[in-house]
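Report on the structure given below.
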There are 2 protein chains.
Amino acid sequence: MNVRRATIKDVAEAAGVGVATVSRVLSGGSASPETRERVLAVATQLDYRPSALGRNLRQQRAGGIGLLLPDITDSFYGRLADGVLSCARAAGEPVVLGTTGDDPEREADQIGMLLEQGVERVVAVPTGDAEVWAPTLRAGLTTVFAHRSAPGHGGVPTVLADDRGGVRTAVDYLTGLGHRHIAYLGGPGQEQRVSAFLEALGALADPDLVVSARGSRDSAYAAAAGLFQRRPDLTAVLAGGNLLGEVAVLAARELDLRVPKDLSLVMFDDVPWAELCAPPLTVIAQPAEDIGYRAAELVLRAGGRRPRGVLLPTELIVRGSCGPRRAP
Amino acid sequence: MNVRRATIKDVAEAAGVGVATVSRVLSGGSASPETRERVLAVATQLDYRPSALGRNLRQQRAGGIGLLLPDITDSFYGRLADGVLSCARAAGEPVVLGTTGDDPEREADQIGMLLEQGVERVVAVPTGDAEVWAPTLRAGLTTVFAHRSAPGHGGVPTVLADDRGGVRTAVDYLTGLGHRHIAYLGGPGQEQRVSAFLEALGALADPDLVVSARGSRDSAYAAAAGLFQRRPDLTAVLAGGNLLGEVAVLAARELDLRVPKDLSLVMFDDVPWAELCAPPLTVIAQPAEDIGYRAAELVLRAGGRRPRGVLLPTELIVRGSCGPRRAP
DNA sequence: GTGAAAGCGCTAACAG
DNA sequence: CTGTTAGCGCTTTCAC
């Protein structure tokens with residue numbers, strides 16, 4: 001049953017050459033056309049596949065890309081992962097996936113595991129700050145951050161959607177509709193957006209209207225419901241992700257707030273169901289897949305000089321969840 | 001910058017013992033309490049992490065779990081992956097993720113890659129049939145299928161939701177509502193469900209009402225729209241997945257079919273947005289995460305005798321997308 | 001209970 | 001252009 005795979009030695013013997021020659025031929029080194037052909041033929045015939053195990057040990061690194069995500073069940077991260085996977089597949093590199101649940105400790109564990117595996121390239125949506133990433137970077141990991149930057153790590157190349165621009169567009173849209181009391185319902189790691197939100201609001205800014213939930217659905221729902229109850233003067237809300245958007249419409253329904261009549265809603269991240277929702281949700285689309293693809297590209301191009309970062313555009317897609325401010 | 005990690009040799013020297021002793025201590029072998037303590041102390045102090053590279057080569061296998069999925073952006077597979085990840089994390093095993101796009105050729109490529117990496121355990125939602133999996137299994141891969149079984153491979157342990165039961169329940173529900181012309185809108189690898197569907201319908205069965213889409217959204221939409229136009233006598237649809245359900249409501253809207261007045265809809269797979277949809281979708285919930293977790297469990301318990309398969313229950317969740325048959 | 005040594009498959013340095 | 005050889009870090013006999 002369990003057939004031993006052919007090794008480089010088998011190929012060398014069968015081809016009547018040394019192992020080094022086989023290695024050279026297979027990695028595109030110099031060899032006489034004649035030898036090359038013979039080796040290739042034998043390799044094919046023996047169905048030889050070079051063992052990554054031997055190579056990895058020899059080169060002291062495993063190749064492949066480590067991918068660290070807060071939550072793979074979140075559609076946004078699913079699409080981001082898909083982008084990383086396409087790039088990796090094009091490059092023939094395996095992807096090792098780990099989830100952090102937005103928990104820095106768990107993130108550190110996962111990094112440790114990748115290190116142990118010899119993985120040297122990581123694409124991460126970081127959760128921890130400098131504290132947790134510093135040792136990692138010092139250990140020689142090639143790292144690219146995606147979607148979020150880690151506080152205090154300007155040095156790591158980062159691929160981001162233009163969150164600030166997106167927030168500004170959404171806020172302008174909402175204030176243009178007459179809204180004056182606008183809330184931001186956010187999740188972990190959205191400091192950038194919050195600051196952009198406050199900034200865009202200017203004189204209208206009200207820190208009490210900025211709410212941050214933990215990653216879980218329950219916590220998000222509680223945050224939304226709490227906000228809506230606490231501030232009946234609220235007429236518009238910007239939800240910082242599809243999970244937050246979802247609980248926002250749920251909480252609004254529960255409290256008999258009509259969207260968009262009583263409450264206007266803009267959600268970060270365009271998801272297929274936004275169109276199916278009642279009412280269809282106005283969203284800020286983010287190029288999740290591109291983010292992943294670009295990040296993977298960057299991490300694979302480790303040798304050359306890499307740009308410090310990439311900023312991808314967002315887009316406001318107007319559907320039916322926003323209306324003029326309700327009469328007071 | 002790039003600091004060399006401590007090796008077993010470093011630890012051995014620092015502790016004044018042989019490398020074999022270090023290895024034994026760290027893998028729970030026998031050693032005098034005294035030696036053990038000293039080795040452990042030195043290891044901690046040196047921040048020693050055994051290199052998986054060395055171990056893998058020595059043991060001729062990489063450990064870890066390979067996970068092969070049709071599409072990681074599909075919420076169902078996202079949740080399945082999450083189940084696999086939790087189990088793997090509990091076991092301290094890395095997970096290598098690959099997507100197949102429901103393409104047998106791509107699936108074969110991914111398998112080849114895993115083999116090359118020395119991965120010996122695979123959890124897969126199979127796309128190819130016996131043809132593509134036979135060599136894999138012969139190569140000694142411990143494989144568990146999840147969510148689907150590969151045609152012609154009774155030998156591989158498989159973790160499934162009770163699709164047949166789910167279909168039967170849905171069909172009974174729909175016929176109980178008076179529906180007589182019920183369609184099944186399916187995707188790749190749903191032969192089981194189709195046969196259960198036809199069977200449950202009995203005399204009502206109409207093969208022309210069974211439509212199968214490729215994996216893509218476009219193809220799914222075309223299939224749904226085509227079906228609705230071709231068969232105006234249709235009053236109910238069972239959609240075989242959340243993507244299919246989504247395009248079904250989109251196509252229905254486009255053709256001015258009211259759900260549930262003109263068309264009743266049951267969708268396989270409960271997703272958070274089913275409740276947000278207008279109308280809220282009646283679904284057959286599948287324990288996606290459990291499927292993944294159980295599959296990972298099985299593949300990790302390679303040594304012992306493994307059950308031939310696991311069947312997990314589905315559940316009909318009635319919401320608002322089904323009504324009595326409209327008057328003819 | 002412990003150490004010395006072999007060797008997993010591969011690549012790279014060196015000699016021819 | 002090609003073969004020989006050392007050695008990556010680890011586990012595992014095999015002696016002691």
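Just so we're on the same page: letters track the sequence lines, and every chain starts at 1.
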Each nucleotide N or O in nucleotides 8-12 of chain D that has a protein N or O under 3.5 Å away: list the pair and distance.
residue : atom : partner : partner atom : Å
D/dC8   : O3'  : A/Gln60 : OE1          : 3.2
D/dC8   : O3'  : A/Gln60 : NE2          : 2.8
D/dC8   : O2   : A/Arg58 : N            : 3.2
D/dG9   : OP1  : A/Gln60 : NE2          : 2.8
D/dG9   : N2   : B/Gly54 : O            : 3.0
D/dC10  : OP1  : B/Tyr48 : OH           : 2.5
D/dC10  : OP1  : B/Ser51 : N            : 2.7
D/dC10  : OP2  : B/Ile8  : N            : 2.4
D/dC10  : OP2  : B/Tyr48 : OH           : 3.4
D/dT11  : OP2  : B/Ser23 : OG           : 3.0
D/dT11  : O2   : B/Arg58 : NH1          : 2.2
D/dT12  : O4'  : B/Arg58 : NH2          : 3.4

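Within the structure, the ring pair (Phe, Tyr, Trp, His ring centres under 6.0 Å) test picks out no pair touching residues 10-39 of chain A (sequence neighbours left out). Sorted by first then second residue, the side chain to side chain donor-acceptor pair (under 3.5 Å) pairs that include residues 128-137 of chain A, not counting sequence neighbours, are A/Glu107-A/Trp133. Contacts classified as ring pair (Phe, Tyr, Trp, His ring centres under 6.0 Å) and involving residues 84-120 of chain B (residues at least two apart or in different chains) are not found. Sorted by first and then second residue, the side chain to side chain donor-acceptor pair (under 3.5 Å) pairs involving residues 46-58 of chain A (not counting sequence neighbours) are A/Arg49-B/Glu116. The ring pair (Phe, Tyr, Trp, His ring centres under 6.0 Å) contacts involving residues 59-83 of chain A comprise A/Phe76-A/His147, A/Tyr77-A/His147, where partners must be two or more places apart or lie in separate chains.
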Distance-only donor-acceptor hits, side chain of residues 9-20 of chain B, under 3.5 Å, sequence neighbours excluded:
residue : atom : partner : partner atom : Å
B/Asp10 : OD2  : B/Arg4  : NH2          : 3.1
B/Asp10 : OD2  : B/Thr7  : N            : 2.8

Residues 21-32 of chain B side chain polar contacts: donor-acceptor under 3.5 Å, at least two apart:
residue : atom : partner : partner atom : Å
B/Ser27 : OG   : B/Ser23 : O            : 2.6
B/Ser32 : OG   : B/Thr35 : N            : 3.1
B/Ser32 : OG   : B/Thr35 : OG1          : 2.6

Using residues 293-300 of chain B as the side-chain source, report each donor-acceptor pair under 3.5 Å to any protein atom, sequence neighbours left out, with the distance given to one decimal.
none

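When DNA chain C is scanned in the 5' to 3' direction for atoms under 4.0 Å from non-hydrogen atoms of chain A, the outermost contacting nucleotides are C/dG9 to C/dA13.
Neither OP1 nor OP2 of D/dC1 sits under 4.0 Å from any side-chain N or O of A/Ser32.
To the nearest angstrom, C1' of D/dT2 lies 13 Å from CD of A/Glu34.
Among residues two or more places apart in sequence or in another chain, the salt bridge (charged side-chain N to carboxylate O under 4.0 Å, His left out) test is passed with A/Arg38 by none.
B/Thr99 places a side-chain heavy atom less than 4.5 Å from the side chain of B/Arg106.
Contacts between residues 11-18 of chain A and DNA chain C, defined by a heavy-atom separation under 4.0 Å, are absent.
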